[in-house]
Amino acid sequence: MIDLKYLQNHFDEAAMKLRKKGIGNDTLQELKSLFASLKEANAAFESARAEQNQMSKLFGEYKREGKDIAELKARVDAKKEEIAVLQEAAREADAALYKLALTIPNFPDDTVPEGEDENDNVELKKVLEPKTFDFKPKEHWELAELNGWIDFERGVKLAKSRFSVLRGEAARLERALINFFLDTNREKGFEELCVPFLNNAAMLQGTGQLPKFEDDLFKIEDENLYLIPTAEVPLTNLYNDEILSEKELPVLMTGYTPCFRKEAGSAGRDTRGMIRQHQFDKVEMVAISHPDRSDEVFEMMVQNASDILTALELPHRIVVLCGGDLGFSAAKTIDLEVWLPGQNQYREISSISNTRDFQARRAKIRFKEGKKNRLVHTLNGSALAVGRTLIAIMENYQNEDGSITIPEVLKKYM
RNA sequence: GGACAGUUGGGUGAGUUGGCUGAAACCACACCCCUGCUAAGGGUGCAUAUCCUAACGGGUAUCGAGGGUUCGAAUCCCUCACUGUCCGCCA
């Protein structure tokens with residue numbers, strides 16, 4: 001959630017920032033006035049309640065001294081009626097404010113380029129040159145079929161479309177990648193965690209998936225639980241409603257989880273192959289950082305993800321997302337896009353974001369700075385998306401006969 | 001799933017004949033003093049959120065969550081959640 005006081009005191013600045021994300025002034029004006037209404041309603045309620053509390057105290061004294069309480073009781077009863085109305089008004093103001101506030105995206109950093117969509121993202125650099133093939137490289141689904149690696153049909157039978165089954169070497173390679181990613185992250189100082197794959201609504205709200213993106217989530221019937229769309233949710237919310245000590249920062253965490261997404265807005269996109277599935281494996285990095293040092297942590301995370309791709313000898317490029325392509329919670333996002341020779345294009349394989357204090361405010365993650373509590377910064381990033389790495393390996397390591405060479409660094413995991 | 005017990009501040013843990021307890025005590029933590037060496041002692045501060053104030057300070061809310069009784073609830077009642085133990089089932 002954005003800082004409402006900042007919105008109140010620096011409206012024009014705030015509005016300018018959110019324009020990058022396509023939020024209009026009207027919405028912000030409404031938010032600002034809801035905030036003002038809440039403050040007003042609260043003030044009225046609280047002062048009335050203060051009077052009541054005052055009288056209640058007197059009540060005790062009167063009784064002890066044996067005074068007549070009839071008149072006092074009449075007064076306090078009248079006050080109570082007044083309070084009931086004020087309290088209800090304050091509650092409504094609160095509900096109205098948060099209903100809107102929770103749907104407002106984070107402010108983009110000033111360094112985020114302007115732009116509408118992914119076409120306006122800015123490439124920062126390329127790492128490793130795409131390899132040239134002396135034959136026409138195949139796409140991963142052709143290779144999957146040739147090698148019997150992915151069983152799309154039976155995945156659909158077991159669940160529904162956009163589910164698939166990895167078989168044999170592919171399943172082993174998937175597992176090898178998970179281990180390789182986790183080991184690498186651990187060596188960089190990330191603590192490895194194994195977390196629940198179902199999280200409750202409060203946690204999903206903490207990281208920003210709820211209330212606005214409920215349609216993208218798989219929900220468990222009759223339970224207040226959702227399948228996680230990313231390990232960012234459990235890892236970040238590990239410290240939900242907690243106050244850390246300053247010396248614990250930064251908290252660096254990594255974990256492997258499957259991720260579940262309805263891909264509701266992506267009907268028709270990437271229907272062929274394994275690029276966009278309802279369930280995919282991912283190894284995630286999450287950092288809880290001191291707010292003054294989150295930029296360094298961010299750089300480190302980008303570097304780490306890039307290093308992993310380099311170790312796998314996979315050509316990739318590093319792209320900074322423009323305002324229009326930035327996710328809801330992110331202040332800044334850098335994507336790593338891996339080269340897919342079969343598709344002849346770069347495709348996203350990692351997305352690393354600094355959410356600044358946006359998630360911290362929602363999830364109430366703070367740290368003690370001296371005597372005061374201050375919101376932390378939270379960051380998350382894939383290192384890496386496992387299924388897409390598998391695809392990248394298939395396409396980049398393919399041989400003319402359709403066989404696939406196992407990358408050197410993975411051999412010890414196979 | 002059944003039975004019983006519990007849920008208080010960073011931790012342990014008092015408080016359950018309703019008001020003087022937002023919360024004793026101890027531990028941890030921070031700062032200061034003394035002392036001096038593989039220690040110890042003394043002092044002060046220390047829940048969260050929010051509002052008012054230049055500040056001092058004060059208001060409001062929160063003792064698992066929500067609701068109720070009452071002038072007034074951590075304390076009484078109801079519902080739910082969670083934890084523990086025993087039983088059942090189970091990887």
Side-chain angles (χ1 to χ4, degrees), chain A residues 1-9 31-98 101-102 194-206 210 219-226 234 237-249 251 258 288 290-291 357-376:
Chain A
M1 203 171 75
I2 61 167
D3 183 354
L4 294 172
K5 276 188 202 163
Y6 173 78
L7 179 75
Q8 184 186 38
N9 299 326
L31 186 62
K32 186 182 165 183
S33 83
L34 286 172
F35 184 50
S37 307
L38 174 63
K39 282 174 93 165
E40 209 172 295
N42 271 340
F45 161 66
E46 282 171 13
S47 72
R49 179 48 70 79
E51 290 178 49
Q52 190 204 342
N53 288 344
Q54 204 67 35
M55 287 191 260
S56 290
K57 245 181 197 155
L58 268 183
F59 214 100
E61 287 174 30
Y62 278 30
K63 270 204 146 172
R64 236 170 294 134
E65 293 164 12
K67 288 188 186 166
D68 179 41
I69 54 172
E71 187 263 350
L72 185 61
K73 179 155 167 33
R75 269 204 294 153
V76 78
D77 282 342
K79 184 55 77 178
K80 277 177 75 177
E81 280 179 37
E82 183 191 332
I83 286 171
V85 175
L86 292 172
Q87 183 167 28
E88 186 51 32
R91 252 182 222 173
E92 279 167 17
D94 189 86
L97 173 66
Y98 286 100
L102 288 170
C194 195
V195 292
F197 301 159
L198 293 117
N199 280 193
N200 61 44
M203 301 305 112
L204 272 303
Q205 186 179 100
L210 289 180
K219 182 172 191 191
I220 306 295
E221 279 298 323
D222 302 325
E223 295 272 356
N224 180 30
L225 291 170
Y226 297 80
N237 282 296
L238 197 71
Y239 293 100
N240 188 299
D241 200 18
E242 292 194 29
I243 300 168
L244 295 153
S245 72
E246 190 168 352
K247 62 187 171 202
E248 288 176 84
L249 303 178
V251 179
I288 308 224
H290 190 290
D357 62 10
F358 185 82
Q359 292 179 326
R361 184 172 293 107
R362 289 174 159 248
K364 303 192 210 53
I365 308 172
R366 295 143 293 169
F367 73 101
K368 273 264 182 263
E369 188 176 58
K371 284 192 167 187
K372 294 210 158 182
N373 296 325
R374 204 175 152 192
L375 294 169
V376 298

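Within every chain, numbering begins at 1; the chains are lettered A, B, ... in the order of the sequence lines, protein sequences first and strands thereafter.
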Requested in this report: Check whether any side-chain N or O of Asn237(A) sits under 3.5 Å from a backbone N or O of Met203(A) as a donor-acceptor pair, and report yes or no.
Outcome: yes
Report summary line: Partner of U48(B) under the Watson-Crick or G-U wobble criteria, both distances under 3.5 Å, comes out as A61(B)
Requested in this report: Among Lys73(A), Lys80(A), Lys79(A), find the residue that satisfies the side chain to side chain donor-acceptor pair (under 3.5 Å) test when tested with Asp77(A).
Outcome: Lys73(A)
Query raised in the report: A40(B) pairs with which nucleotide, Watson-Crick or G-U wobble, both distances below 3.5 Å?
Result: none
Query raised in the report: Using a cut-off of 4.0 Å on non-hydrogen atoms, how would the nucleic acid contact of Ile243(A) be classed: base, sugar-phosphate, or nothing?
Result: sugar-phosphate
Query - A23(B) and C63(B), which share atom name C1', separated by this distance in whole Å - result: 8 Å
Query raised in the report: Atom NZ of Lys364(A) and atom P of U50(B): how far apart are they, to the nearest Å?
Result: 11 Å
Report task. For Lys368(A), report the nucleic acid contact type (base, sugar-phosphate, nothing); a contact means any heavy atom under 4.0 Å. Result -> sugar-phosphate
Requested in this report: Write down the distance between CD (Glu82(A)) and C1' (U60(B)), rounded to a whole number of angstrom.
Outcome: 15 Å
Requested in this report: Using heavy atoms to find the nearest nucleotide of RNA chain B for Met55(A) and Gly60(A) separately, return the residue whose nucleotide is more 5′.
Outcome: Gly60(A)
Requested in this report: List the steps and the verdict of side-chain contact (heavy atoms from CB on, under 4.5 Å) for Arg374(A) and Lys368(A).
Outcome: CA-CA 6 Å; Arg374(A) 204 175 152 192; Lys368(A) 273 264 182 263; over 6 Å; no
Query raised in the report: Taking any strand in view, what nucleotide pairs with A24(B) in a Watson-Crick or G-U wobble way, both distances under 3.5 Å?
Result: none
Report task. Rounded to whole angstrom, note down the P distance from C77(B) over to U7(B). Result -> 14 Å
Query - Residues Lys372(A) and Glu369(A) bridged, charged N to O under 4.0 Å - result: no
Query raised in the report: What integer number of Å spans the P atoms of U79(B) and A61(B)?
Result: 27 Å
Query - Nearest-Å distance for atom pair CG/C1', residues Leu375(A) and A49(B) - result: 12 Å
Report task. Return yes if some donor-acceptor pair links the side-chain N/O of Glu248(A) with the main-chain N/O of Ser245(A) below 3.5 Å, else return no. Result -> yes
Query - Who pairs with A55(B) - Watson-Crick or G-U, where each distance is under 3.5 Å - result: none
Query - Rounded C1' spacing from U62(B) to U75(B) in Å - result: 16 Å
Query raised in the report: Which whole-number value in Å describes the distance from Asp241(A) CG to A47(B) P?
Result: 17 Å
Query raised in the report: Roughly, in whole Å, what's the span from CD in Gln87(A) to P in U50(B)?
Result: 19 Å
Report task. Write down the distance separating the C1' atoms in G22(B) and U60(B), rounded off to the nearest Å. Result -> 13 Å
Query raised in the report: Mind checking the C1' distance from G68(B) to G1(B)? Whole angstroms is fine.
Result: 30 Å
Report task. Would you please confirm or rule out a distance under 4.0 Å between OP1 or OP2 of A61(B) and any side-chain N or O of Arg49(A)? Result -> yes
Query raised in the report: Rounded to the nearest 0.5 Å, how far does CG of Leu204(A) lie from CG of Leu210(A)?
Result: 4.5 Å
**Report entry** N or O in side chain of Gln52(A) less than 4.0 angstrom from C71(B) OP1/OP2
**Finding:** no
Query raised in the report: What is the distance, rounded to the nearest whole Å, between atom CD of Glu51(A) and atom P of G72(B)?
Result: 15 Å
**Report entry** Under 3.5 Å on both distances, the Watson-Crick or G-U partner of U17(B)
**Finding:** none
Report task. Could you check whether Asn224(A) gets within reach of a base, just the sugar-phosphate, or nothing at all, counting any heavy atom under 4.0 Å? Result -> nothing
Query - Atom-pair distance (CG on Asn373(A); C1' on A49(B)), nearest Å - result: 10 Å
Query - Rounded distance in Å - CG (Asn199(A)) to C1' (C82(B)) - result: 16 Å
Query - Residue closer to the 5' end of RNA chain B, Asn53(A) versus Arg366(A) (nearest nucleotide) - result: Arg366(A)
Report task. Measure from the side-chain heavy atoms of Ala50(A) and tell me the nearest of U60(B), C51(B), A49(B). Result -> U60(B)
Requested in this report: Quick one: look up who U35(B) pairs with, Watson-Crick or G-U, both distances under 3.5 Å, and put none if it's unpaired.
Outcome: none
Requested in this report: Determine yes or no for a side-chain-to-main-chain donor-acceptor pair under 3.5 angstrom, with Asp94(A) supplying the side chain and Ala90(A) the backbone.
Outcome: no
Query - Whole-Å C1' distance, C20(B) and U38(B) - result: 49 Å
Query raised in the report: Under 4.0 Å: is that the gap between some side-chain N or O of Asn42(A) and OP1 or OP2 of U60(B)?
Result: no
Requested in this report: Counting heavy atoms from C-beta on, name the nucleotide in U48(B), G67(B), U60(B) closest to the side chain of Phe45(A).
Outcome: U60(B)
Report task. Would you classify Lys80(A) as touching base, sugar-phosphate or nothing, given that sugar-phosphate means primed atoms plus P, OP1 and OP2, and contacts are heavy atoms under 4.0 Å? Result -> sugar-phosphate
Report task. Just name whichever nucleotide pairs with C4(B), Watson-Crick or G-U, keeping both distances under 3.5 Å, else none. Result -> G84(B)
Query raised in the report: Which nucleotide sits closest to the side chain of Asp77(A): C71(B), U48(B), A61(B)?
Result: C71(B)
Requested in this report: Look at the side chain of Lys5(A) and decide which nucleotide, out of A61(B), A49(B), C51(B), has an atom nearest to it.
Outcome: C51(B)
Report task. Please check the phosphate of U60(B) (OP1 and OP2 only) for any side-chain N or O of Lys39(A) closer than 4.0 Å. Result -> no
Query - Integer angstrom distance from the C1' of G45(B) to that of G19(B) - result: 29 Å
Requested in this report: Look at Asp357(A) together with Arg362(A) and state whether they make a salt bridge at an N to O cut-off of under 4.0 Å.
Outcome: no
Query - Phosphate-side-chain proximity, Lys73(A) and C71(B), N/O vs OP1/OP2 below 4.0 Å - result: yes
Report task. Select base, sugar-phosphate, or nothing to describe what Arg75(A) touches, counting heavy atoms under 4.0 Å on all strands. Result -> nothing
Report summary line: From the candidates C51(B), A61(B), G19(B), the one with an atom nearest any side-chain atom of Ser56(A) is G19(B)
